[in-house]
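Residue numbering restarts at 1 for every chain, and letters A, B, ... go by the order of the sequence lines. Values reported hereafter were calculated over all heavy atoms of this structure, with side chains retained and with hydrogens, waters and symmetry mates removed.
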Amino acid sequence: MAENSENKAGAPKVRNFIHEIVENDLLEKKNDGRVHTRFPPEPNGYLHIGHAKAICLDFGTAEKFGGKCNLRFDDTNPSKEDQEYVDSIQEDIKWLGFDWEDRLFYASDFFDKLYAFAVKLINEGKAYVDQQPADVISQQRGTPTRPGIESPYRNRPVEESLDLFAKMKAGEFPNGAMVLRAKIDMASPNMHMRDPLMYRIIHAEHHRTGNKWCIYPMYDFAHGQCDFFEGITHSLCTLEFEIHRPLYNWFIDQLADSDYRPRQIEFSRLNLTYTMMSKRKLLQLVEEGLVNGWDDPRMPTLSGLRRRGFTPASIRNLVEKVGITKTEGTVDMAVLEHAVREDLNKTAQRVMGVLNPLKVVITNYPEGEVEMMEAVNNPEDESMGKREVPFTKEIFIERDDFMEDPPRKFFRLAPGREVRLRYAYFVTCTDVVKDENGEITELHCTYDPASRGGNSPDGRKVKATLHWVSATENTKAEVRLYDRLFNVEDPSGDKDKDFREHLNPDSLQVRPVCYIEPFVDGAQPLDQFQFERLGYFIVDKDSTKGKMVFNRTVTLRDNWAKFSKK
RNA sequence: UGUCCUGUGGUGUAAUUGGCAACACGUCUGACUCUGGAUCAGAAGAGUCCAGGUUCGAGCCCUGGCAGGACAACCA
C-alpha cells in the first residue's frame, strides 16, 4: 500500500498524471462535472494481465471521482470475434473485482447510428466510395515520409457515393470491391488522416447482429463515436492510439453539436519479463498446442493466472505498484510474484506436502500407532485455528532435505544429525539404506519421545525443521510445478528469432505421485494452500474424486536455494 | 530524411508554485523464528540521456543535439 494516502474517503492512494488531468477537467467544470470512462475490449481473444492494467485504470478512475465505467465490446470485425471471448472477458473482469452494472455495450449497438453518420458525411462531401483494390489504395497512401496521392474517385459526385454506399449495404458487391473513405488530406504528415477507410464489405455472420449487415465500420470510424454516443468523458487507451487521436477528433467535430467531447488520454501498456502480451502470439501458442489452452497456468491471461493461483488482489496490487505513465518499460515478474506472496501469506491455509518423497522409518516408534499432532493453520492469522496431522512410524520427507555428505551451511537432515519434524518430534538419522545402484531408498531415524509437539524439555536446539507426511495416512496428489514460459526476458524482442524458439522446455514439470496431509481431502478447484517450506498451491480443475491435482503458484522465498546455487 | 511520443538507481515509479533526488521490487548484511517463510533492523546502488543557457539555486524553465518507440492492415 502506498504512503501518499488521500484525504477523500474511498479514493485510491496513488495519483497519476491521468488523475491530475481529470481533476483539472473537473475544476474547469467540463462535462457538468461528470467522469465517465469505459473499458473497450475486442472479443477476439482472452484478456491478459496487460488488460488488467487498463481495467483497473478505467474502473478505478471512475470510482475515484465518483463516476461510472462502461464495458463495451468493440465488435466491428465479425471475422475475428466470437461469443466465447465475450463470455470469458466478462468473467475475468468480474473476477478481478469490477462491475459495469447495467452498462454493457457493444459497438454493434451503434451500427445504425454510425451508418447514418457516414451518410451525413457523404452528403456533406466529406466521405466517398472508393472502388480501387486494396493494394492500389495502399500504394496511394504514400509513406510516413512521403505524401500520398488522391484516389481518382475522391471527387465523384455525392449522389454516386450515396448510391454506391447504399448498394454496398444492400450486399450488391463482394468483399473488397468497394470501401467508404473519409475525405481529409492525402498529404497529411499523419498517415491516419490520409483519407482513412470508414467502411468495408465483410459478408460474414456477426455474433450479435447476425446477417443484418455486410458492411462493417472500421475501428477508427467506430471507436471515438461510440465513446461519444455513450457520453464518455475520458477515453483512456494505450500509447499506440496517440497518433489516431487527431482522426478521432476530426470525426467528433463533424458529429458534435455541443462542447461535449470525449477526451482521449494515452498511457503505456504493461509488459512483464519472461512473457509477452501480444494477443496474436498468445493465440498462436494456443492453436499450435504449445500450451494447454488459454487458461494454461503458464499463460499471462487472466484465466491462466487465476488457474495458476494468482489472486485478484495480487494483480490489482501489481497494477497499483507499477503506476500509470507514458514511458514504455518492462516490469520484473518478481514484482507480481511478490504481490501474490504478500497476499497469500496472510490468507493461505498451511498444510504439509511432500513433492519428492524419501521414506523415513522411525525405528523406535511403535508399529501401527497413529498420533494426531496439533498444527497451526496460519501463523499470520490466529483466527484460522488449528488442525491435527497424523504421525506414524513411516513417513515421507523431501529428498532435498537430506544429504549424505552435507556442505557447510546445510542445516537439514544428515547421517547422525538431529532435526525437528514440524509439529511432531526431534528425530536423528541413524542409517541410510541404498539399493544396488547406490540410490538412497530410505532413511532410518530414531525419535525422542520427550520432544513431542516439537520441543525438547531439555532445551536442546536443532538447526532445521522439516515438513513431513505420514506414509500411510495421507492424500496422494499430482502436483504441477511451473516455471517461466520463456527463458529470456523479452521473448519477442529478437528481430531474427521467432518467439517460439525461446520457449522454456522445462516450464511444466509434473510430479504424478506426491503426498499431502489428509487435511486437503475434499478441497475444491481454486482452493489455495501454502505447502509449508515449498510455496503456494492451488487445486486444479483437473482434480477428480480419486486424484487431486495441485498447481504451484509460486515458491516461497528460499534463501537456501539462492545460496546453494552459488 | 515527415509527424507524434518518451528518456530519473538493475527494474517500475515519486519529487507541492525551481530548493541539496524519495518509494517499491530486486540485491547484500544482521536479529528473531517450530516454515532457511513471515517479521524486524541495516547496507550498497542514480546525481536525473548529452551540451549550452536563465537563476543565488534546475530532474523540473529555455535552446540545440542524441537515443528509443509509434505510424504506411479493407486489424483493433
Side-chain angles (χ1 to χ4, degrees), chain A residues 2-4 14-16 40-42 44 74-77 79-81 107 130 133-135 137-139 141-148 175-181 188-194 197-202 216 218-220 222-223 239-246 266 268 270 273 279-280 318 320-339 341-342 345-346 350 352 375-376 379-380 409-412 420-424 426 453-455 462-467 489 530-535 555-564:
Chain A
E3 326 294 82
N4 327 0
V14 183
R15 48 194 281 118
N16 56 55
E42 182 191 15
N44 69 340
D74 263 317
D75 55 349
T76 57
N77 187 353
S79 58
K80 288 189 177 170
E81 293 149 10
D130 198 343
D135 57 316
I137 290 178
S138 171
Q139 266 174 17
R141 196 162 0 242
T143 71
T145 55
R146 254 200 161 66
N175 289 356
M178 309 233 167
V179 292
L180 183 70
R181 299 177 71 179
S188 170
N190 182 339
M191 297 287 293
H192 297 278
M193 301 300 273
R194 324 243 259 228
L197 271 59
M198 293 163 57
Y199 270 92
R200 77 293 213 191
I201 300 168
I202 303 176
Y216 291 91
M218 299 290 291
Y219 174 84
D220 277 353
H223 188 76
L239 254 25
E240 67 269 29
F241 295 106
E242 198 152 30
I243 201 155
H244 297 236
R245 196 184 337 129
E266 307 85 8
S268 62
L270 172 67
T273 53
K279 267 195 193 178
R280 203 199 94 237
L318 170 84
E320 190 74 42
K321 280 179 201 185
V322 303
I324 304 290
T325 63
K326 298 186 73 153
T327 62
E328 296 179 86
T330 304
V331 174
D332 197 323
M333 198 55 143
V335 181
L336 212 212
E337 292 179 347
H338 175 266
R341 289 196 187 102
E342 191 179 41
N345 176 48
K346 291 187 213 115
R350 309 278 129 129
M352 291 193 285
V376 173
E380 304 292 319
K409 295 258 206 173
F410 181 86
F411 305 145
R412 283 109 97 144
R420 171 169 37 234
L421 295 176
R422 177 145 236 227
Y423 300 126
F426 283 10
N455 281 303
V462 289
K463 289 276 271 183
T465 300
L466 270 42
H467 62 275
E489 285 203 5
Q530 182 195 99
F531 290 3
E532 296 219 25
R533 305 210 303 136
L534 296 177
T555 61
L556 257 27
R557 274 187 64 198
D558 188 346
N559 286 317
W560 167 248
K562 235 183 283 177
F563 175 81
S564 60

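Side-chain N/O atoms of Thr325(A) include none lying less than 4.0 angstrom from OP1 or OP2 on G12(B).
Distances were taken from every side-chain heavy atom of Thr465(A) (C-beta onward) to each of U35(B), U13(B), C25(B); the shortest belongs to U35(B).
Remark: G68(B) base-pairs with C5(B); criterion is Watson-Crick or G-U wobble with both hydrogen-bond distances under 3.5 Å. Across all strands shown, A46(B) has no partner, as no Watson-Crick or G-U wobble contact with both distances under 3.5 Å is found. Nucleotide U17(B): unpaired (no Watson-Crick or G-U wobble partner with both distances less than 3.5 Å). In this structure, A51(B) forms a base pair with U63(B), meeting either the Watson-Crick or the G-U wobble geometry with both donor-acceptor distances under 3.5 Å. Across all strands shown, U11(B) pairs with A24(B); the Watson-Crick or G-U wobble distances both stay below 3.5 Å.
Nearer the 5' end of RNA chain B, as judged by each residue's closest nucleotide, is the contact made by Lys326(A), out of Val322(A) and Lys326(A).
Taking atom NE2 of residue His338(A) and atom P of nucleotide G12(B), one finds them 18 Å apart after rounding to whole Å.
With respect to the salt-bridge test (charged N to carboxylate O, under 4.0 angstrom), the residues Lys326(A) and Glu242(A) qualify. Arg245(A) has a carboxylate O that lies under 4.0 Å from a charged side-chain N of Glu266(A), or vice versa, which qualifies the two as a salt bridge.
Within the 4.5 Å cutoff, the side chain of Lys562(A) has heavy atoms near those of the Arg557(A) side chain.
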Report, as a single string ordered 5' to 3', how protein heavy atoms within less than 4.0 Å touch nucleotides 65-76 of chain B: B base, S sugar-phosphate only, - not at all. ----SBBBSBSB

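Formation of a donor-acceptor pair under 3.5 Å by the Arg194(A) side chain with backbone atoms of Thr143(A) is found in this model.
Using cut-offs of 30° and 60° on the angle between ring planes, the pair Phe241(A) and Tyr219(A) is tilted.
The separation of C20(B) from U48(B), taken at their P atoms, amounts to 15 Å, rounded to a whole angstrom. Rounded to whole Å, the P atom of C40(B) lies 11 Å from the corresponding atom of C25(B). Comparing U8(B) with A21(B), their C1' atoms are spaced 8 Å from each other, to the whole Å.
The base of G36(B) is paired with the side chain of Arg412(A) by a donor and an acceptor separated by under 3.5 Å. Residue Glu380(A) places a side-chain atom within donor-acceptor reach of the base of G37(B), judged by atom type and a 3.5 Å distance cut-off alone.
Taking syn as a glycosidic angle within 90° of 0, G69(B) does not qualify and is anti.
Looking at residues two or more places apart in sequence or on another chain, you find no ring pair (Phe, Tyr, Trp, His ring centres under 6.0 Å) involving His467(A).
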Distance-only criterion, 3.5 Å: show the donor-acceptor pairs between side-chain atoms of residues 332-339 of chain A and protein atoms not counting sequence neighbours.
| from | atom 1 | to | atom 2 | distance (Å) |
| --- | --- | --- | --- | --- |
| Asp332(A) | OD1 | Ala334(A) | N | 2.9 |
| His338(A) | ND1 | Lys321(A) | NZ | 3.2 |

